[in-house]
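Reviewing the structure listed below.
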Protein chains: 2
Amino acid sequence: MKKVGLKDIAEHVGVSIALVSYVLNGQAEIKQVSKENAQKIKAAAELLNYRPNQIAKSLKMHKTHTIGLVVADINYRFSTGITRAIEAEAKKANYTVLFGSSNENENTFAELVNVLINRQVDGLILVPVENSQDQIKMLQKAEIPFVLIDRNFPEITTNHIALDNYKAAYTATAYLIKQGHNRIAFFNYATTMFHLQERDRGYLAALKDHDIVFKSDWLQQINSANRAGDIQQALDSILNLKEPCDAVFFATDTLAINGLKYLNKIKAKVPQDISVLSFDESEAFELFYSPITHLRQPLEEMGQKAVDTLLELINYNKISKQISLSSELIIGQSCKE
Amino acid sequence: MKKVGLKDIAEHVGVSIALVSYVLNGQAEIKQVSKENAQKIKAAAELLNYRPNQIAKSLKMHKTHTIGLVVADINYRFSTGITRAIEAEAKKANYTVLFGSSNENENTFAELVNVLINRQVDGLILVPVENSQDQIKMLQKAEIPFVLIDRNFPEITTNHIALDNYKAAYTATAYLIKQGHNRIAFFNYATTMFHLQERDRGYLAALKDHDIVFKSDWLQQINSANRAGDIQQALDSILNLKEPCDAVFFATDTLAINGLKYLNKIKAKVPQDISVLSFDESEAFELFYSPITHLRQPLEEMGQKAVDTLLELINYNKISKQISLSSELIIGQSCKE
DNA sequence: GCTATCACTTTAAACGATTAAAGCAAATGA
DNA sequence: TCATTTGCTTTAATCGTTTAAAGTGATAGC
């Protein structure tokens, strides 16, 4: 791979490297390069198919025009949606996105963040995983610009963009109640993550505000390591109560999909036997025999705001932004009317 | 963001930069660095939290230890699966993956490839889009190591890893025939892409080999720009023939999902009214009331082979590999028995 | 005729790493 | 005693850019 550098163009035209650099960076006028040379240089660059070496440029400029993105799991629909939005927004500002997936693993997360930093990304957009507080604090100490999305740690002050999870869960629960349910189960991961706990809180608050006495059997904690098994057990449990639940609200799409598979297996009909509502979106929700009512997150908006906030941080320093977004309840046919 | 460089460590310990570099690159022994200094240097690096600047390293070494990946659309299940596999395999060899999605757009594709090259990736793994032949030829001329996956251009000799699409389509069609269908429709995108045309060819060959006379109405070409509309029209068409089709075989998951949505809408029952079979996988396939029989692509294997081939290309030059993989037919309940 | 200005162009020092090659004591050999 | 070897360390060039600063020849001003 023969490389064409500024030097080659300079030699070809018979001028110095500096002149070539000026011209190709659009500084021809302010550096008063003669039209003749400017012309020749541009022609030569074209002819030789010159491609600037961004590595060298970055080294000199201390700017890579790259932002690092770490999502929790590339297989989540959330991840692909947000990635797309972020890439699009970054592109507008002429930034490239370097991308990685932590697979919800805290070591992988730390590793990825380090790789990205070593590559001198100008900033990071992160979906932090459980127990990654130390990494986050490290970033703050190192003064590396970053913004968290989707999740955040209330005990650390950071710039973050996330859903108002409390409100979303509250709204959805209230909707179920309005539809006439009064024994509503909530399935969530057993987790220390704030954003998921907020969903618990919203669910509980909605029950309380509507004078429904919460039964502890309704709130089922799923261990992500044993997701399928736990969900089956949990579903069995809420369906076999003396007063079985008449609705189940899943805190994430992954939970819902696993849950629906099991409901299919035991031939429980949605919504005749039980109503179903879920956070997030999934292609599968639409195609289920009774399309699943769900909470759609504003991925586009989240991605845009994340990039904008990060760029602000990179370019104008020190800002503090905590943005809370709203979800939209998409009514399907999975809840009794 | 105060940066710690070799210089800082050198000053801190009171030695030269070279010595620091030797020690931190594990050359302490062969360069006979005194144990004392080696010790001090390592300690200082730790203390100061030194992170090597990969940009500078890359510039000097002419190696970025990065591979670029361009997928067709991050929203495809294929893309997330292959991305995951590639990242995992690349990581084993200590390579980072720089990633982009062309959204099936030829300009975006060209742009992404250029961005990646400018960043001096050591090589590329590409899912080429329609009409990207010129880009591919350009890469060859520039002697940039790359491997194509999923798709390839028969008129250009390249290293590529792809499914044996002919065989896969043939197998699936033969399966439908064996299940007793004899009016099988095939839905494919209207495209010039070889891998999809191969699917047509496999379908047609299977019909022929089983003495089924092909009717041109059965092969429906969907325009991707008007996917939903075209699919509806195509389904209406094959269901309203004098002799309606009894099975429909979708050439991709995206076609199938759209098709199933419409079948739901018109309340056509699968497989009672029509059997369904599809290429690719989707979460939705499992959750459909009769899980869709489909062709699973070996994403893991494809990703692994792609990375391995690329690294071989990068490290040992000039090889020529065309790898053909087999898909697996996953039997669901969407075909009559 | 001498300096100033103008219109350009080149020189050369970075950026942060790698790594031949050279340097320099102390130890060894003759 | 002087040359050589050994053991360790430093010097300095280099990668491909950017960009102050200095250089240069022509023209203008007085």
Side-chain angles (χ1 to χ4, degrees), chain A residues 1-42 44-45 48-66 115 117-122, chain B residues 1-42 44-45 48-66 117-122 142:
Chain A
M1 170 166 35
K2 45 162 201 234
K3 301 216 181 164
V4 179
L6 289 183
K7 192 167 57 164
D8 302 280
I9 298 179
E11 277 166 13
H12 187 268
V13 177
V15 294
S16 71
I17 290 174
L19 218 51
V20 178
S21 174
Y22 290 141
V23 171
L24 297 181
N25 284 304
Q27 309 215 59
E29 260 139 64
I30 85 163
K31 294 291 173 177
Q32 312 190 102
V33 178
S34 67
K35 299 230 170 7
E36 194 194 336
N37 275 334
Q39 197 46 49
K40 279 196 210 158
I41 287 167
K42 280 183 196 153
L48 302 176
N49 190 26
Y50 169 71
R51 297 146 175 288
N53 182 328
Q54 297 295 342
I55 296 282
K57 190 168 191 157
S58 296
L59 178 59
K60 187 82 233 284
M61 308 299 268
H62 300 281
K63 276 259 168 191
T64 54
H65 259 253
T66 304
V115 166
I117 293 175
N118 291 349
R119 285 178 187 268
Q120 316 295 124
V121 294
D122 293 340
Chain B
M1 169 164 39
K2 63 200 171 204
K3 301 217 181 164
V4 179
L6 288 184
K7 192 167 57 165
D8 303 280
I9 298 179
E11 275 166 15
H12 187 267
V13 177
V15 294
S16 71
I17 289 173
L19 219 51
V20 179
S21 173
Y22 291 142
V23 171
L24 297 182
N25 283 304
Q27 308 214 58
E29 260 137 65
I30 86 161
K31 294 289 172 177
Q32 310 189 104
V33 179
S34 66
K35 298 228 170 9
E36 194 194 337
N37 274 334
Q39 197 47 49
K40 279 197 213 158
I41 288 168
K42 279 182 198 152
L48 301 177
N49 189 27
Y50 169 72
R51 296 147 175 285
N53 181 328
Q54 297 295 342
I55 295 282
K57 189 168 192 158
S58 295
L59 179 59
K60 186 80 230 285
M61 308 299 267
H62 300 281
K63 276 257 166 194
T64 53
H65 260 252
T66 304
I117 293 175
N118 291 349
R119 284 175 189 270
Q120 318 295 126
V121 294
D122 294 340

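So that the names make sense, note that chain A is the first sequence line, chain B the second, and so on, each numbered from 1.
- If you check dT17(D), dT10(D), dT10(C) against the side chain of Ser16(B), the one that comes closest is dT10(D).
- Taking 4.0 angstrom as the limit, Asn37(A) places none of its side-chain polar atoms (N or O) nearer than this to OP1 or OP2 of dC8(C).
- Taking side-chain N and O atoms only, Gln32(B) has no distance below 4.0 Å to OP1 or OP2 of dT9(D).
- Evaluation of atom-type donor-acceptor distances gives no pair under 3.5 Å for the side chain of Lys60(A) against the base of dT17(D).
- Checking dT9(C), dT10(C), dT10(D) against every side-chain atom of Tyr22(A), the shortest atom distance belongs to dT10(C).
- The phosphate of dG16(C) (OP1 or OP2) has no side-chain N or O of Tyr50(B) nearer than 4.0 angstrom.
- OP1 or OP2 of dT9(C) sits under 4.0 Å from a side-chain N or O of Ser34(A).
- Within the 4.0 angstrom heavy-atom criterion, no nucleotide atom of any strand lies near Gln54(A).
- Annotation: side chain of Val13(B) is not in contact with side chain of Val20(B) (no heavy-atom distance under 4.5 Å).
- Using a 4.0 Å cut-off between charged nitrogen and carboxylate oxygen, Glu36(A) and Lys40(A) count as a salt-bridge pair.
- Rounding to whole angstrom units, CD1 of residue Ile55(A) and P of dC15(D) are separated by 16 Å.
- In this model, no side-chain donor or acceptor of Lys57(A) finds a partner on the base of dT17(D) within 3.5 Å.
- Checked against dT10(D), dA17(C), dT18(C), the side chain of Leu19(B) finds its nearest nucleotide in dT10(D).
- With Arg119(B) as the fixed residue, the side-chain contact (heavy atoms from CB on, under 4.5 Å) test singles out one of Thr66(A), Asn53(A), Ile55(A): Thr66(A).
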